[in-house]
There are 2 protein chains.
Amino acid sequence: MTTLTIHEAATTTGWSPRMLRYVEQLGLVASPRSAAGYRLYGPAQLQRLRTLRELLETHGVELGDVGFALRLRREPELATALDEWFEAEPQRPLLGPSTEMPDGDWLAFEQDKHSQLLTSDRRDTA
Amino acid sequence: MTTLTIHEAATTTGWSPRMLRYVEQLGLVASPRSAAGYRLYGPAQLQRLRTLRELLETHGVELGDVGFALRLRREPELATALDEWFEAEPQRPLLGPSTEMPDGDWLAFEQDKHSQLLTSDRRDTA
DNA sequence: GCCACCCTGACACGACCGCGGTAAGGTTGC
DNA sequence: GCAACCTTACCGCGGTCGTGTCAGGGTGGC
């Protein structure tokens with residue numbers, strides 16, 4: 001069985017040993033340990049590390065983001081809460097920092113539509 | 001039509017004007033603008049701001065995280081890439097490729113290991 | 001028994017984030 | 001026509017991220 005030490009795994013995957021430990025700390029790729037506590041990287045872990053690296057590069061994602069994605073999978077209620085919030089979207093989200101559209105129309109439309117929905121919740125402290 | 005200025009919207013929703021602009025910059029809650037460029041917050045936006053705030057508080061999430069969730073919805077390929085990565089054969093502890101085992105077992109093992117990482121890092125390995 | 005490796009902390013540091021504040025200017029209501 | 005708002009753009013400051021590195025100590029092959 002080919003199990004590499006952390007340093008070997010690092011050199012073959014392009015991470016640094018430090019980062020391998022960090023990735024494990026984020027809960028993304030953990031390796032089994034030897035009796036003495038050494039991390040033992042097998043083919044499966046190496047594969048995951050390489051695909052993870054590719055994932056980050058091709059999509060411009062950061063480790064923390066993947067960590068959050070992991071959290072989403074661990075906390076379905078969080079995921080559904082977010083889903084609901086986005087789904088309940090009464091307005092169009094921006095496509096960029098400042099995407100302009102010939103609005104004015106959908107403004108009135110949306111607000112009208114929702115003022116109906118929200119009639120019971122009118123407590124403008126104005 | 002009840003449209004509040006950014007300052008009014010801020011006071012009624014509990015955000016600061018600064019944060020309202022920041023939230024818009026993240027693409028989470030954008031308000032329509034007046035002809036002169038002033039942000040005009042209607043009931044729909046106020047509602048979103050309040051629910052957003054509640055979302056953050058109840059789930060211990062940060063704005064950046066919600067921003068990333070938004071990114072996931074905007075970039076389905078990113079979402080599927082992440083899905084695939086998480087779905088992809090997670091590392092089995094030193095077993096051959098054809099060795100079948102009920103996934104529930106080591107999955108539980110993994111999650112246990114992770115929950116340790118998440119809950120606390122104090123580990124007394126005597 | 002050596003020496004090269006591994007482990008877990010911890011410090012450090014540049015870069016960025018979250019957010020307040022301020023400056024320089026446009027808009028609006030009275 | 002001015003005060004009170006709004007706009008964007010920037011500075012700053014504390015916090016976090018990604019990463020290297022070092023210290024103190026265990027492991028293991030030769």
Side-chain angles (χ1 to χ4, degrees), chain A residues 3-42 45 49 52-53 55-57 59-71 94 96-100 103 126, chain B residues 1-42 45 49 52-53 55-57 60-71 113 116-118 120-126:
Chain A
T3 53
L4 307 188
T5 69
I6 194 173
H7 192 72
E8 297 166 328
T11 51
T12 64
T13 59
W15 299 91
S16 67
R18 180 66 168 85
M19 286 313 290
L20 256 36
R21 298 195 184 95
Y22 184 56
V23 165
E24 175 180 308
Q25 185 186 329
L26 290 181
L28 298 181
V29 177
S31 72
R33 302 294 190 103
S34 76
Y38 285 22
R39 290 173 182 79
L40 300 177
Y41 291 86
Q45 284 78 41
L49 287 171
L52 176 59
R53 170 168 272 282
L55 183 63
L56 299 190
E57 285 169 4
H59 291 281
V61 180
E62 292 158 22
L63 282 176
D65 295 333
V66 186
F68 182 67
L70 176 62
R71 182 142 114 86
L94 289 175
S98 90
T99 304
E100 285 304 320
D103 50 21
Chain B
M1 178 75 73
T2 59
T3 53
L4 307 188
T5 69
I6 195 174
H7 192 73
E8 297 166 329
T11 52
T12 64
T13 59
W15 299 90
S16 66
R18 181 70 169 83
M19 287 311 289
L20 256 35
R21 297 195 184 94
Y22 183 57
V23 165
E24 175 179 309
Q25 185 187 326
L26 290 181
L28 298 180
V29 178
S31 72
R33 302 294 189 101
S34 75
Y38 285 22
R39 292 173 181 79
L40 300 177
Y41 291 85
Q45 283 77 41
L49 288 171
L52 176 60
R53 172 168 270 283
L55 182 65
L56 298 190
E57 286 169 4
V61 181
E62 290 157 24
L63 281 177
D65 296 332
V66 185
F68 182 68
L70 175 62
R71 183 143 114 86
K113 186 169 54 182
Q116 281 184 239
L117 281 170
L118 289 175
S120 164
D121 36 358
R122 197 65 264 279
R123 207 91 297 273
D124 266 297
T125 43

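Below, each value reflects all heavy atoms present in this structure, side chains not excepted, and no hydrogens, waters or symmetry copies. In the text below, chain A, chain B and the rest are named by the order of the sequence lines, each starting its count at 1. This is a predicted model, so every value here is computed, not measured.
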Legend entry - Base versus backbone protein contacts along nucleotides 22-30 of chain C [heavy-atom cut-off under 4.0 Å; B, S, -]: ----BBS--
Rounded distance (Å) that lies between atom [atom2] of [N] and atom [atom1] of [X]:
X       : N      : atom1 : atom2 : result
A/Met19 : D/dT21 : CE    : C1'   : 15 Å
A/Leu40 : C/dC7  : CG    : P     : 9 Å
B/Glu8  : D/dA4  : CD    : P     : 15 Å
A/Arg33 : D/dG28 : CZ    : P     : 14 Å
A/Gln25 : D/dG20 : CD    : P     : 15 Å
A/Leu20 : D/dT21 : CG    : P     : 16 Å
B/Arg21 : D/dC6  : CZ    : C1'   : 7 Å

Inset, instruction - Go through the structure and list residues passing side-chain hydrogen bond (donor to acceptor under 3.5 Å, both in side chains) with B/Thr5, not counting sequence neighbours. - result: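 By the side-chain hydrogen bond (donor to acceptor under 3.5 Å, both in side chains) rule, B/Thr5 matches B/Glu8.
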Inset, instruction - Taking side-chain hydrogen bond (donor to acceptor under 3.5 Å, both in side chains) as the test, write out the residues that go with B/Arg21, two or more places apart. - result: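 None.
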Legend entry - OP1 or OP2 of C/dC5 under 4.0 Å from side-chain N/O of A/Arg39: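 Answer no for this pair, as no side-chain N or O of A/Arg39 is under 4.0 Å from OP1 or OP2.
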Legend entry - Distance test, side-chain N/O of B/Thr5 to OP1/OP2 of D/dC6, below 4.0 Å: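 Checking B/Thr5 against D/dC6: at least one side-chain N or O falls below 4.0 Å of OP1 or OP2.
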